[in-house]
Amino acid sequence: MTGSEDNVGGVVTEGEVPDDLTPAEAGMWQAFRNGSVYDLSSGDAVVDDPHGGHPWGPERTVRARIVCWLLLDGPPALAGRVSALKLAGVQISGPLDLAGGIVVPYVELKGCRFERDVLLPEARFTTVRLVDCAVPRLEAARVHTEGDLHLPRCRFHNGVRLTDAHIGTDLLLNQAIVYRDRSGRSIAADGMTVGQDLQAELLESHGELSLRSAKVGVSLSLRGAKLANPYTRLALNAPQLTVGRSMYLTPAGIGSALLSGATPAQGTRIQRFTCEGGLRLDDGRFGDAVDFEQARFTLTDDQEVSLRRIQTPELRFLGARPARGMVVLSGARVVNLMDRMDSWPGPGRLHMGGFSYENLVPRGPFPLTERLDWVAAATAEYNPEPYERLATVLRAGGEDEDAREVLLAKQRRRRETLPPAAKLWGYAQDWTVAYGYRPGRALVWMALLWAAGSLAFAHAAHPPLKGGEVPHWNATLFALDLLLPVIDLGQVGFWQLRGGWQWLAAAMILLGWILATTVAAGATRLLRRN
């Protein structure tokens, strides 16, 4: 045996072991034919840690080229067995290059260490499982698997590339740790298609996780994941993402054997989803929900949680309020908005232009005053749309009084944008009939003015304006005749008032017209709304 890679690949008779293999490689060759696990672990957890610094010698090292030979053109299985590559505690030297290859055997590597990159672009597999492996970089653009691609607990020091990959069933990245490549991305998976679930629970991503235009057949879980990208604006960049059911950015239980998606039992230590850097889900489509339960965002002033134009039956915005940065829901369309009062950012950091929702499902107390502050926070400049949307949703839920309060708040907000004369008229409408949303006020004002006028004019001198027949003086009817425009009660026009009484009569006429005009304006507004 020479151990030289250049001498590998000679003609091998069926059933023979090539004579230029190392003892470790010869054992792997025989285990491949048998379909059994080839375990070179020492039994010492510290030594066997693939991510540790303890060196592994030649007794547990195989050449990547021999691995490729087995997978692409390996020997037949022993009688009654199925050939498969199952390695544990093995170090693989040299780049594992299967680019463009068709790999039929099942592949499973546990606790292995790769000295060089794993190159799988445009390769085709049935199922590939790398569990708790140390990999400098995984290059797998346009890779195709009929079954799963499992990468749990692996560490990738120079990123993962899965651009335009096609995963037949599940992609697992649970507890993986991925560092950024030279372009600043930790995982580049633009255009990737996953047939069923993409699970990346407790993932640690150091760089940009890119899922642009990716498609996930069932669910995408980032429960308990930690995404950190202090280098550029985005920690998760996933515009035009399509998920068949739900996307979870929620807590995960630590050390729990619970199945994915189960609620951690009481007392279980949990890890929240955290995102240090911007998150972008613009134009995403989600079949069931997008869930931000207990999510935490650490943003700079120019970073965003961007949900522009997403469409989903339910948005669960239940995370912690970001201390900085913005939340953008412009153009988003959801059916149920589930939220908490303390999840939304303050004024100037929330944008909801064109945001459409049909039902509000608050988690915990969310009084109307706070809901109005929520709308005001989203409209640095006056915009009627968020107020009208909220009023429509409240009215559809039978909260007519609250809906009127919202529309009244809209008019008051609009008033602040008007010139002085129009603003003064707005104050008059507000004080009298609350812009028509409280028409009962007009009757109260009318009654008060009528009573005050009746008492005042009872003491007024009132000589007839002309001689001849005049009606009987009635201070109560006279005051009412002044207040009611258009209607003639037969009092005004027959009596002569002088001095202050004349000014009082003019004021009564003016106030009557103001009341009548504001009532008419409010009625018109109500009719138009209905």
Side-chain angles (χ1 to χ4, degrees), residues 44-46 48-52 110-111 129-134 148 150-157 160 170-179 186-187 197-207 209 211 216 218-230 235-236 238 243 245-279 281 288-299 305 314-325 338-344 362-364:
D44 185 327
V46 175
D48 291 335
D49 183 4
H51 316 294
K110 293 184 177 179
R129 290 190 170 96
L130 304 182
V131 180
D132 195 24
C133 293
D148 298 340
H150 287 190
L151 305 168
R153 301 195 301 282
C154 289
R155 294 188 186 181
F156 302 93
H157 298 280
V160 172
D170 297 335
L171 172 59
L172 264 62
L173 287 159
N174 295 343
Q175 301 180 59
I177 300 175
V178 190
Y179 296 93
S186 58
I187 300 176
D197 294 329
L198 195 170
Q199 293 185 19
E201 300 180 1
L202 301 173
L203 167 74
E204 286 188 28
S205 168
H206 301 271
L209 170 55
L211 293 169
V216 179
V218 183
S219 296
L220 194 166
S221 176
L222 285 164
R223 292 182 174 93
K226 293 183 177 180
L227 311 184
N229 186 17
L236 175 59
V243 178
R245 296 190 64 182
S246 297
M247 180 175 183
Y248 298 98
L249 300 98
T250 57
I254 303 295
S256 172
L258 293 173
L259 295 175
S260 173
T263 302
Q266 186 173 2
T268 302
R269 190 166 66 91
I270 65 168
Q271 179 171 299
R272 300 186 183 192
F273 170 85
T274 60
C275 185
E276 182 183 347
L279 179 145
L281 296 178
D288 284 351
V290 179
D291 194 344
F292 288 92
E293 176 78 43
Q294 298 188 44
R296 287 182 174 175
F297 295 95
T298 303
L299 308 173
V305 176
E314 187 162 284
L315 174 60
R316 303 168 191 157
F317 201 84
L318 301 166
R321 175 183 290 136
R324 299 169 64 188
M338 184 181 295
D339 61 350
R340 266 197 296 261
M341 182 175 63
D342 57 358
S343 293
W344 297 103
R363 181 82 66 84

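Model, not experiment: these values are computed from the prediction.
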Run the numbers on Leu209 and Leu203 for side chain to side chain contact (heavy atoms under 4.5 Å, CB included), then give the verdict. CA-CA 11 Å; Leu209 170 55; Leu203 167 74; 4.3 Å; yes

State the [atom1]-[atom2] distance between [X] and [Y], to the nearest 0.5 angstrom.
X	Y	atom1	atom2	value
Arg155	Ile177	CZ	CD1	4.0 Å
Ser343	Glu293	OG	CD	8.5 Å
Leu279	Leu299	CG	CG	9.0 Å
Leu222	Leu198	CG	CG	7.5 Å
Phe273	Tyr248	CZ	OH	15.0 Å
His150	Arg129	NE2	CZ	4.5 Å

In terms of heavy-atom contacts, does CZ of Arg245 have more than 12 from other residues, nucleotides or ligands at under 6.0 Å?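 No, CZ of Arg245 has 12 or fewer neighbouring heavy atoms, counting only those of other groups under 6.0 Å.
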
Specify whether Phe317 and Trp344 have parallel, tilted or perpendicular ring planes, treating 30° as the upper limit for parallel and 60° as the lower limit for perpendicular.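 The arrangement is parallel - the two ring planes meet at less than 30°.
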
Evaluate the side-chain proximity of [Y] to [X]: yes if any heavy-atom separation is below 4.5 Å, no if none is.
X	Y	result
Lys226	Gln271	yes
Val216	Leu211	no
Glu314	Asp288	no
Thr298	Thr274	no
Arg316	Thr250	no

Specify the closest pair of heavy atoms between [X] and [Y], including all atoms of both residues, with the distance to one decimal.
X	Y	answer
Val243	Leu220	CG1-N, 4.0 Å
Leu130	Cys154	O-SG, 3.1 Å
Leu249	Ala295	O-CB, 3.6 Å
Arg223	Pro251	CB-O, 3.7 Å
Gly207	Ser205	O-OG, 3.5 Å

Sequence neighbours left out, what passes side-chain contact (heavy atoms from CB on, under 4.5 Å) with Ala235? Give chain and number order.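 So Ala235 forms a side-chain contact (heavy atoms from CB on, under 4.5 Å) with Leu227, Asn229, Cys275.
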
Could you work out, with ring pair (Phe, Tyr, Trp, His ring centres under 6.0 Å) as the rule, every residue matching His206, not counting sequence neighbours?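 Checked His206 against ring pair (Phe, Tyr, Trp, His ring centres under 6.0 Å); matches are Tyr179.
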
Any sub-3.5 Å donor-acceptor pair from [X]'s side-chain atoms to [Y]'s backbone N or O?
X	Y	result
Asp148	Asp170	yes
Arg340	Leu318	yes
Asn174	Pro152	no

Can you confirm whether the side chains of His51 and Asp132 place a donor and an acceptor under 3.5 Å from each other?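 Side-chain D/A pair, His51 to Asp132: present.
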
Any chance you could lay out the side chain to side chain contact (heavy atoms under 4.5 Å, CB included) test for Ile254 and Leu202, step after step, and finish with the verdict? CA-CA 9 Å; Ile254 303 295; Leu202 301 173; 3.7 Å; yes

